[in-house]
Amino acid sequence: MTLTKEEFKTLVMLYAANIDGNIQSEEVRVMLEKSGFDTVEKMENLFAKMNDAEALAVIRENKPLHVATEGDRIELLADLCAVIEADEKCTMMEEQLVKAMRRLLE
């Protein structure tokens, strides 16, 4: 499944926001600022139908298309951190996710 860059970024942010099993309204607000309503809505609908393994497979499949440079990687990780920090609580699970996503996006 090939995603646009905005869809890919939104899927990564949704995956991060959901790591604690609950996507907060603050996290959605950040996603809307970064990707726009239509993209967030489309990707929320897709993400709701996926399990973790499927979401990670789509992220891995689209990574070469949208994280081609170190700049792309830094930008995506910054967006990911913005979502995680949106609710002003960074759990141990979220910290581990950021580390895992850094490795995945290398």
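In what follows, residues are counted from 1 in the order of the sequence shown. Computation of the quantities below employed the complete heavy-atom set of this structure, encompassing side-chain atoms and omitting hydrogens, waters and symmetry-equivalent molecules. All values derive from a computational prediction rather than experimental measurement.
- Residues Val40 and Met1 share a single hydrophobic cluster, defined by chaining ILVMFWY side chains whose heavy atoms lie under 4.5 Å apart.
- At least one side-chain heavy atom of Ile59 sits less than 4.5 Å from a side-chain heavy atom of Tyr15.
- Here the NZ atom belonging to Lys5 is positioned 13.5 Å from the OG1 atom belonging to Thr39, to the nearest 0.5 angstrom.
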(message) Determine whether Arg73 and Leu77 satisfy the following criterion, side-chain contact (heavy atoms from CB on, under 4.5 Å), listing intermediate values before the conclusion.
(response) CA-CA 6 Å; Arg73 182 177 166 275; Leu77 287 170; 3.9 Å; yes
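- Of the possible polar contacts, one joining the Asn62 side chain to the Leu3 backbone as a donor-acceptor pair under 3.5 Å is found.
- A heavy-atom distance below 4.5 Å is not found between the side chains of Glu26 and Val30.
- Side-chain atoms of His66 and Leu76, non-hydrogen and from C-beta on, never get closer than 4.5 Å to each other.
- Between the side chains of Thr10 and Ser35, at least one donor N or O sits under 3.5 Å from an acceptor N or O.
- Residue Lys63 qualifies as enclosed at atom NZ: its count of foreign heavy atoms under 6.0 Å is above 12.
- Residues Glu44 and Val28 meet the side-chain proximity criterion, which asks for heavy atoms closer than 4.5 Å.
- Closest approach of Asn22 to Glu27, counting heavy atoms only: O-OE1, 3.7 Å.
- In terms of heavy-atom proximity, Lys34 sits nearest to Ala82 at CE-CB, 3.9 Å.
- To the nearest 0.5 Å, atoms CE (Met31) and CG (Asp79) are separated by 11.0 Å.
- Taken together through direct or relayed side-chain contacts under 4.5 Å among Ile, Leu, Val, Met, Phe, Trp and Tyr, Ile74 and Val83 form parts of separate hydrophobic clusters.
- Looking at Lys9 and Glu6, a side-chain N of the basic residue comes within less than 4.0 Å of a carboxylate O on the acidic one, giving a salt bridge.
- At distances below 3.5 Å, at least one donor-acceptor pair connects side-chain atoms of Asp72 with backbone N or O atoms of Thr69.
- The NZ atom of Lys42 sits 14.0 Å away from the CZ atom of Phe37 when rounded to the nearest 0.5 Å.
- Clustering ILVMFWY residues whenever any of their side-chain heavy atoms sit less than 4.5 angstrom apart, transitively, puts Leu14 in a cluster other than the one holding Leu65.
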